[in-house]
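Right, one structure below, let's go through it.
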Amino acid sequence: QLQLVESGGGLVQPGGSLRLSCAAPGFVLDYYPVAWFRQAPGKEREGVSCIMPGAGSTNYADSMKGRFTISRDKAENTVYLQIHSLKPEDPAVYYCAAPGSYRVQAMCRIDPAGMDYWGKGTLVTVSS
């Protein structure tokens, strides 16, 4: 079972930036598509971005375009989500997730229903 661990969340001032990390101890994360989601209290989980294995083409939810950058570092066995210019709507628990290997995808999809492995999340808050 793939184990995902997020880190990097915290309290950030409005307009600040934050880089979240997704690691998979004991697994080669570079082999997996990885997606980022977020969920604010009382709201549905929403997709942010995803990245394909290897060279890693990327995809972003329409509402997330512009201030989010997903990337991966093979050497670090880590997938990142850079959040720029944090706004009031950004605070949430951010999760990374991955589909099981049985799901064949030509392009990653930012769909919670298509994910089989989830991290426990990392909390991002915005406050002055």
Side-chain angles (χ1 to χ4, degrees):
Q1 185 176 352
L2 182 65
Q3 184 172 270
L4 300 174
V5 182
E6 304 96 338
S7 62
L11 178 64
V12 184
Q13 293 182 336
S17 298
L18 202 63
R19 188 179 72 170
L20 308 180
S21 299
C22 177
F27 294 84
V28 182
L29 195 55
D30 196 52
Y31 294 167
Y32 294 83
V34 175
W36 283 96
F37 300 84
R38 70 181 187 182
Q39 187 168 22
K43 295 186 177 181
E44 295 293 321
R45 190 166 300 183
E46 61 180 344
V48 178
S49 183
C50 64
I51 186 167
M52 290 293 283
S57 59
T58 60
N59 192 22
Y60 295 88
D62 288 341
S63 62
M64 305 296 172
K65 293 179 179 178
R67 298 187 300 108
F68 297 84
T69 302
I70 190 170
S71 62
R72 63 165 77 242
D73 188 324
K74 183 178 180 179
E76 296 294 330
N77 197 33
T78 301
V79 171
Y80 301 101
L81 180 70
Q82 183 76 37
I83 310 173
H84 313 271
S85 301
L86 282 152
K87 297 182 177 181
E89 63 266 31
D90 294 328
V93 176
Y94 284 72
Y95 301 89
C96 65
S101 60
Y102 71 97
R103 299 183 189 267
V104 180
Q105 298 174 309
M107 182 62 191
C108 62
R109 295 293 185 90
I110 316 169
D111 181 5
M115 303 295 114
D116 298 295
Y117 307 106
W118 294 84
K120 294 181 179 180
T122 185
L123 179 64
V124 174
T125 57
V126 180
S127 177
S128 61

Heavy-atom nearest pair, Leu18 first then Gly9, reads CD2-CA, 4.0 Å
Transitively linked via ILVMFWY side-chain contacts under 4.5 Å: Tyr94 with Tyr117?
-> yes
Should we say atom CD of Gln13 is surrounded by more than 12 heavy atoms from elsewhere, each under 6.0 Å from it?
-> no
Spacing of Tyr60 atom OH and Ile70 atom CD1 [to the nearest 0.5 Å] | 6.5 Å
Determine whether Ile110 and Met107 fall in the same hydrophobic cluster, where Ile, Leu, Val, Met, Phe, Trp and Tyr are linked whenever their side-chain heavy atoms lie under 4.5 Å apart.
-> no
side-chain contact (heavy atoms from CB on, under 4.5 Å) test vs Phe37 passes for just one of Glu44, Glu46, Arg45, namely Arg45
State whether the side chain of Gln39 and the backbone N or O of Ala92 hold a donor-acceptor pair below 3.5 Å, judged by distance alone.
-> no
List the atom of Ser17, the atom of Ser85, and the distance in Å for their closest heavy-atom pair.
-> OG-N, 3.9 Å
Do the side chain of Glu6 and the main chain of Thr122 share a donor and acceptor less than 3.5 angstrom apart?
-> no
To the nearest 0.5 Å, how far apart are OG in Ser49 and NZ in Lys65?
-> 10.5 Å
Result of checking Gln82, Arg19, His84 against Thr69 for side chain to side chain donor-acceptor pair (under 3.5 Å) | His84
May I ask whether Ile83 and Leu123 are part of the same hydrophobic cluster, defined by side-chain heavy atoms of I, L, V, M, F, W, Y residues being less than 4.5 angstrom apart, directly or through others?
-> no
Taking Arg72 for its side chain and Gly56 for its backbone only, find out whether a donor-acceptor pair lies under 3.5 Å.
-> no
Could you check if a side-chain atom of Trp36 sits within less than 4.5 angstrom of a side-chain atom of Cys96, using non-hydrogen atoms only?
-> yes
Are side-chain heavy atoms of Leu81 and Cys22 found at a separation under 4.5 Å?
-> no
Are Tyr80 and Met52 in one and the same hydrophobic cluster, where Ile, Leu, Val, Met, Phe, Trp and Tyr link if side-chain heavy atoms are under 4.5 Å apart?
-> no
Between the main-chain N or O of Cys50 and the side-chain N or O of Asn59, is there a donor-acceptor pair closer than 3.5 Å?
-> no
Give a yes or no on whether Met115 and Val93 share a hydrophobic cluster (residues Ile, Leu, Val, Met, Phe, Trp, Tyr; joining criterion: side-chain heavy atoms under 4.5 Å apart).
-> yes
Mind checking what makes side chain to side chain donor-acceptor pair (under 3.5 Å) contact with Asp111, not counting sequence neighbours?
-> none
Smallest separation among heavy atoms of Leu29 and Val79, with atom names | CD2-CG2, 3.7 Å
Should Phe68 and Asp90 be marked as a side-chain contact (heavy atoms from CB on, under 4.5 Å) after you check the CA-CA gap, both sets of side-chain angles, and the distance that decides it?
-> CA-CA 11 Å; Phe68 297 84; Asp90 294 328; 3.8 Å; yes
